[in-house]
Student: 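Below are the structure tokens for one structure; questions will follow.
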Amino acid sequence: MKILVLGATGATGLLIVRQALAQGHSVVALVRSKAKAEAVGLVDVDLVEGDATDETALARAIAGCDAVISSLGTAMSPFREVTTLSTATRALVNVMTAQKVLRLVCITGLGAGDSRSHGGFFFDRVFLPLLLRKVYDDKNRQEDIVRASTLDWTIVRPTVLNNQPARGNIRALTDLSTVHGGSIARADVAEFVVQQLATDAWLRKAPLITW
């Protein structure tokens, strides 16, 4: 399968690319700078320069692809409005629909949508409202755009990310009644996300994944 990965130069995105290659897929990465992408170790992939919010760039990158993984992220922004995630996702959905590329796996996070208030006391009462509120407002818009599309989507919501080695014992949940925080390795997220390309188990669902 040929996959377009957005956010491929990020810490999780790099692992997604490596996992996809390990599973035998070919990968296209839309990046702002080929030089930066190569410098952070993005190799053995087709690099296309452009902005993820630009439909023309997305159309160039997605040509010939079978699926898209979006691991786009954005920095904390306590005061300024954040629109990058929703703007890029709207552009992506438009291009995927036009080119009839239907499979989308999109990473958001614990605290988005109906996973809000399941992050534990510090995350729910301090970290999210004071530092991440505007980011998560945009993640919510991003999820709404994906859900409203006609694509074959899966939204993946990891708990707090860490850089520990993969454990492989991921729990994927939509019943969050017992969830009050948690963490997961980026490597485990990458494996789970790439696995979704070969299964419909979480089609049009938004599982929270954690250890």
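Bear in mind the structure is a predicted one, so any value in this text is a computation, not a measurement.
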Student: Any side-chain heavy atom of D51 sitting closer than 4.5 Å to one from R32?
Tutor: yes
Student: Any link between L151 and V68 through a network of hydrophobic side chains (Ile, Leu, Val, Met, Phe, Trp, Tyr) touching at under 4.5 Å?
Tutor: yes
Student: Kindly compute the distance separating CD (E55) from CD1 (I62), expressed to the nearest 0.5 Å.
Tutor: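 Here the rounded value is 11.0 Å.
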Student: Measure from the side-chain N and O atoms of H25 to the backbone N and O of A20, and report whether any donor-acceptor pair falls under 3.5 Å.
Tutor: no
Student: Are V126 and V135 in one and the same hydrophobic cluster, where Ile, Leu, Val, Met, Phe, Trp and Tyr link if side-chain heavy atoms are under 4.5 Å apart?
Tutor: yes
Student: Would you call R60-D54 a salt bridge at under 4.0 Å N-O?
Tutor: no
Student: Just checking, is any N or O donor in the side chain of T154 or Q196 under 3.5 Å from an acceptor N or O on the other one?
Tutor: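 Result is no, nothing qualifies.
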Student: Determine whether V101 and M96 make a side-chain contact, defined as any pair of heavy atoms from C-beta on separated by less than 4.5 Å.
Tutor: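 The answer is yes; the side chains approach within 4.5 Å.
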Student: Taking R171 for the side chain and W211 for the main chain, is one N or O donor matched with an acceptor at less than 3.5 Å?
Tutor: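 Yes; judged by distance alone, with no hydrogens or angles, the pair exists.
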Student: Rounded to the nearest 0.5 Å, how far apart are CG of N94 and CG of L92?
Tutor: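 One finds 9.0 Å between CG of N94 and CG of L92.
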Student: Taking C-beta and beyond as the side chain, do M1 and V194 meet within less than 4.5 Å on heavy atoms?
Tutor: no
Student: For the OH atom of Y136 and the CG atom of L131, what is their distance to the nearest 0.5 Å?
Tutor: 12.0 Å
Student: Can you check whether R186 reaches L14 side chain to side chain, under 4.5 Å on heavy atoms?
Tutor: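 They are not in contact (no side-chain heavy atoms under 4.5 Å apart), so the answer is no.
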Student: To the nearest 0.5 Å, what is the distance between CZ on R204 and OG1 on T150?
Tutor: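 That separation rounds to 8.0 Å.
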Student: Just wondering, do L161 and I184 contact through their side chains at under 4.5 Å, heavy atoms?
Tutor: yes
Student: Do you reckon V95 sits in the same ILVMFWY cluster as W153, going by side-chain contacts under 4.5 Å, direct or chained?
Tutor: yes
Student: Can you tell me how far CD1 of I16 sits from CD of E191, rounded to the nearest 0.5 angstrom?
Tutor: 12.0 Å
Student: Hey, does L197 have a side-chain heavy atom less than 4.5 Å from the side chain of I69?
Tutor: yes
Student: If only atom types and distance count, is the side chain of D66 paired as donor or acceptor with the main-chain N or O of K2 below 3.5 Å?
Tutor: yes
Student: Is a side-chain N or O of D152 found less than 3.5 angstrom from the main chain of L102, in a donor-acceptor match?
Tutor: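 Such a contact is absent between D152 side chain and L102 backbone.
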Student: Are L203 and I155 joined in one hydrophobic group, where the rule is that I, L, V, M, F, W and Y side chains link up if heavy atoms are under 4.5 Å apart?
Tutor: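 As far as the 4.5 Å side-chain criterion goes, I155 and L203 are not connected within one cluster.
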Student: Answer yes or no: are there more than 12 heavy-atom neighbours, outside R125 itself, under 6.0 Å from its atom CZ?
Tutor: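 For R125, atom CZ is not crowded (no more than 12 foreign heavy atoms under 6.0 Å).
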Student: Determine the interplanar angle of the F192 and W202 rings, folded into 0 to 90°, and report it as parallel if under 30°, tilted if 30 to 60°, perpendicular if over 60°.
Tutor: tilted
Student: Please check if the side chain of Q164 supplies one atom and the backbone of A185 the other of a donor-acceptor pair under 3.5 Å.
Tutor: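 Here the side-chain-to-backbone pair does not exist.
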Student: Not counting sequence neighbours, which residues clear side-chain hydrogen bond (donor to acceptor under 3.5 Å, both in side chains) with T210? List them please.
Tutor: T159
Student: Start with the C-alpha distance between D137 and V82, add both sets of side-chain angles, then the distance that settles side chain to side chain contact (heavy atoms under 4.5 Å, CB included), and finish with yes or no.
Tutor: CA-CA 8 Å; D137 286 346; V82 176; over 6 Å; no
Student: Search all heavy atoms of S71 against all heavy atoms of G7 and return the closest pair with its distance.
Tutor: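 Scanning both residues completely, I find the closest heavy atoms to be OG-O, 3.3 Å.
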Student: Quick one: are L85 and K139 in side-chain contact, heavy atoms under 4.5 Å?
Tutor: yes
Student: Could you state the interatomic distance from CG (L72) to CG (L6), rounded to the nearest 0.5 Å?
Tutor: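 L72 atom CG to L6 atom CG measures 5.0 Å (nearest 0.5 Å).
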Student: Compute whether any side-chain donor of one residue and acceptor of the other, for S86 and D138, lie under 3.5 angstrom apart.
Tutor: yes
Student: Side chains of Q23 and Q19: does their closest heavy-atom pair fall under 4.5 Å?
Tutor: yes
Student: Report the C-alpha distance between V146 and T108 in whole Å, list the side-chain angles of each, state the deciding distance to 0.1 Å, and finish with yes or no for side chain to side chain contact (heavy atoms under 4.5 Å, CB included).
Tutor: CA-CA 11 Å; V146 172; T108 58; over 6 Å; no
Student: Would a distance-only check, ignoring hydrogens and angles, find a side-chain to backbone donor-acceptor pair under 3.5 Å from N140 to G113?
Tutor: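 Side chain of N140 to backbone of G113, a donor-acceptor pair under 3.5 Å: yes, one is there.
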